[in-house]
Amino acid sequence: MTSQPKSRWLVSTEWLAGRLGAPDLAVVDGSFYLPAQKRDAAEEFFAGHIRGAVRFDIDAIADHANPLPHMLPSAEQFARDVGALGIADTDTIVVYDGVGMFSAPRVWWTFRLFGAKNVFILEGGFPKWTAEGRSIETGAAQRAPKTFTASKPRDVVASLSDIKTALAGRSAQVVDARPADRFRGEAPEPRPGVRSGHIPGSHNVPSTAVVADGTLLPPDRLAEVFAAGGIDIDKPIITSCGSGVAAATLWLALDALGHEPKALYDGSWSEWGARSDLPVATKP
């Protein structure tokens, strides 16, 4: 086994269990599920969550003026919504999800985008926590409101025009985190009105390929996965996926390799694939 740390942003269940109840600790359930997963994040949170945790709903804390799914909110909205959850930008924030590592990286990435410095992901998520018989509670959760001072996001959110420019000038590699069969156009998209296939010129590294048992692969294996996908990690990368969620898992993986991406395409395939005026590729 490699002795390299997997990521500076991961914490263990033991680490979190020893700190539950600390006044400057905010535990966040960032669970989100695709329709095909047939799971209800709100119901599952009510049925059981880590003691003291609050629920971060990526569909609620989002730009509701944009028809695309869970697009990033403004800094003002993020500050208001997260402050109402009882989270300050100075808190130590630990995010988990009900799969192990699926949507938690997106919530982690969003908190960092808006200025939180000490935000981490729970390795193994809720499945590992419950398998170890650790403390959970049921019902609604409420923390006293706090002030979250959101900073203006760094220029790391890519737009559709940024993707076009990057591909036309080969200034960045666009890496799609969706499953290989969806990338190749062999499986339908989970959202109606979105075509099958991928952005011409993009690469495919499924987010599931960088995760095992709810945690990130060691750096040496991560490097192999990206190399197998034809990615030069020394060159700029823009991560993408279906709707900007799994793209954050690739962000976490690249950060673990010391190569933080250039940007994340927030609209991702939900935007590109729904536009009949844009080309679609269906071969590997």
Using 0.5 Å steps for rounding, measure from the CG atom of Leu216 to the CH2 atom of Trp9. 13.5 Å

Would you check, one step at a time, whether the test side-chain contact (heavy atoms from CB on, under 4.5 Å) holds for Glu44 with Asp29? CA-CA 10 Å; Glu44 290 187 19; Asp29 185 326; over 6 Å; no

Heavy-atom closest pair (Pro127 atom, Gly98 atom, distance to 0.1 Å) is CG-O, 3.4 Å

Approximate separation, where rounding is to 0.5 Å, of Asp40 CG and Ser31 OG: 10.5 Å

Treating Arg106 as the side-chain partner and Ala247 as the backbone partner, does any N or O pair qualify as donor plus acceptor under 3.5 Å? no

Heavy-atom side-chain contact between Lys146 and Asp91 under 4.5 Å: yes

Going by heavy atoms in the side chains, are Val99 and Arg39 under 4.5 Å from each other? yes

Under a 4.0 Å threshold between the charged nitrogen and the carboxylate oxygen, would Arg19 count as salt-bridged to Asp24? no

Does the side chain of Arg8 come within less than 4.5 Å of Asp255's, by heavy atoms? yes

Atom CD in Glu123, atom CE in Met101: separation rounded to 0.5 Å? 6.5 Å

Greater than 12 external heavy atoms within 6.0 Å of Arg221's CZ: no

More than 12 heavy atoms of other residues, nucleotides or ligands under 6.0 Å from CG of Asp155: yes or no? no

Here the pair of heavy atoms bringing Gly201 nearest to Leu167 is O-CD2, 3.8 Å

Over 12 non-hydrogen atoms of neighbours within 6.0 angstrom of CG in Asp63: yes

Is there a donor-acceptor pair under 3.5 Å between the side chain of Thr13 and the backbone N or O of Trp129? no

Under 4.0 Å between a side-chain nitrogen and a carboxylate oxygen: does that hold for Glu189 and Arg191? no

Heavy-atom pair of closest approach, residues Glu137 and Ala53: OE2-N, 4.3 Å

Atom pair CG/CZ of Asp89 and Phe114 - distance to nearest 0.5 Å: 13.0 Å

Does some side-chain heavy atom of Trp272 sit less than 4.5 Å from a side-chain heavy atom of Pro279? yes

Between the CZ atom in Phe120 and the OG atom in Ser7, the distance rounded to the nearest 0.5 Å is 9.5 Å

So do Arg195 and Leu278 actually touch side chain to side chain, heavy atoms under 4.5 Å? yes

Does the pair Glu132/Lys128 count as a salt bridge with the N-to-O cut at 4.0 Å? yes

Would you check if the side chain of Ser268 reaches a backbone N or O of Ser240 as a donor-acceptor pair within less than 3.5 Å? no

Just by distance, do the side chain of Gln173 and the backbone of Asp232 share a donor-acceptor pair under 3.5 Å? yes

What one should report as the nearest heavy-atom pair of Ser196 and Pro188 is OG-CA, 3.8 Å

Just by distance, with hydrogens left out, do Asp162 and Thr165 show a side-chain donor and acceptor under 3.5 Å apart? no

Say whether, by atom type as modelled, one donor and one acceptor occur between the side chain of Arg182 and the main chain of Ala187 under 3.5 angstrom. no

For Arg154 and Gly115, indicate whether the former's side chain and the latter's backbone hold a donor-acceptor pair under 3.5 Å. no

Determine, using the 4.5 Å side-chain heavy-atom cutoff (strictly less than), whether Ile61 and Phe102 are members of one ILVMFWY cluster. yes

Okay, side chain of Trp109, backbone of Thr249: is any donor-acceptor separation there less than 3.5 Å? no

Do you know which two heavy atoms are closest between Ala209 and Val225, and how far apart they sit? O-CG2, 3.5 Å

Treat each ILVMFWY residue as a node, draw an edge where side-chain heavy atoms are under 4.5 Å apart, and state whether Tyr96 and Trp15 are in one component. yes

After noting the C-alpha distance and the side-chain angles of Lys6 and Thr215, does the key distance pass the side-chain contact (heavy atoms from CB on, under 4.5 Å) rule? CA-CA 9 Å; Lys6 291 177 180 177; Thr215 192; 3.4 Å; yes

Using a 3.5 Å distance criterion without hydrogens, assess whether the side chain of Asp266 forms a donor-acceptor pair with backbone atoms of Val157. no

Is it the case that the side chains of Asp176 and Trp269 hold a donor-acceptor pair, with the cut-off being a distance below 3.5 Å and no angle test? no

Less than 6.0 Å separating the ring centroids of Phe111 and Phe56? yes

Give the cluster check for Leu264 versus Ile163: same hydrophobic cluster or not, with ILVMFWY residues linked at side-chain heavy-atom distances below 4.5 Å. no

In sequence, state the C-alpha distance, the side-chain angles, and the governing distance for Leu113 and Phe78, and then conclude on side-chain contact (heavy atoms from CB on, under 4.5 Å). CA-CA 10 Å; Leu113 182 73; Phe78 185 85; over 6 Å; no

Would Arg134 and Leu16 satisfy side-chain contact (heavy atoms from CB on, under 4.5 Å), going step by step from the backbone distance to the final call? CA-CA 10 Å; Arg134 299 190 185 274; Leu16 180 58; over 6 Å; no

Val174 and Ile233: same hydrophobic cluster, using ILVMFWY side-chain contacts below 4.5 Å? no

Euclidean distance, Leu254 CG relative to Ile231 CD1, rounded to 0.5 Å: 8.5 Å

Name the residue from Leu85, Asp97, Ile50, Ile93 that meets the side chain to side chain contact (heavy atoms under 4.5 Å, CB included) definition with Val28. Ile93

Looking at Ala281, is its backbone amide N or carbonyl O close enough to the side chain of His198 to form a donor-acceptor pair, meaning the two atoms are under 3.5 Å apart? yes

Please find the pair of heavy atoms, one from His64 and one from Asp59, that lie closest to each other, and give the distance. CE1-O, 3.2 Å

In terms of hydrophobic clustering (I, L, V, M, F, W, Y; side-chain heavy atoms under 4.5 Å; direct or indirect links), are Ile121 and Tyr33 co-clustered? yes

Please step through ring-ring contact (aromatic ring centres under 6.0 Å, His included) for the pair His70 and Phe32, ending with a clear verdict. CA-CA 11 Å; His70 38 257; Phe32 161 81; 4.8 Å; yes

Strictly distance-based, threshold 3.5 Å: is any side-chain N or O of Asn204 a donor or acceptor partner for the main-chain N or O of Arg178? yes

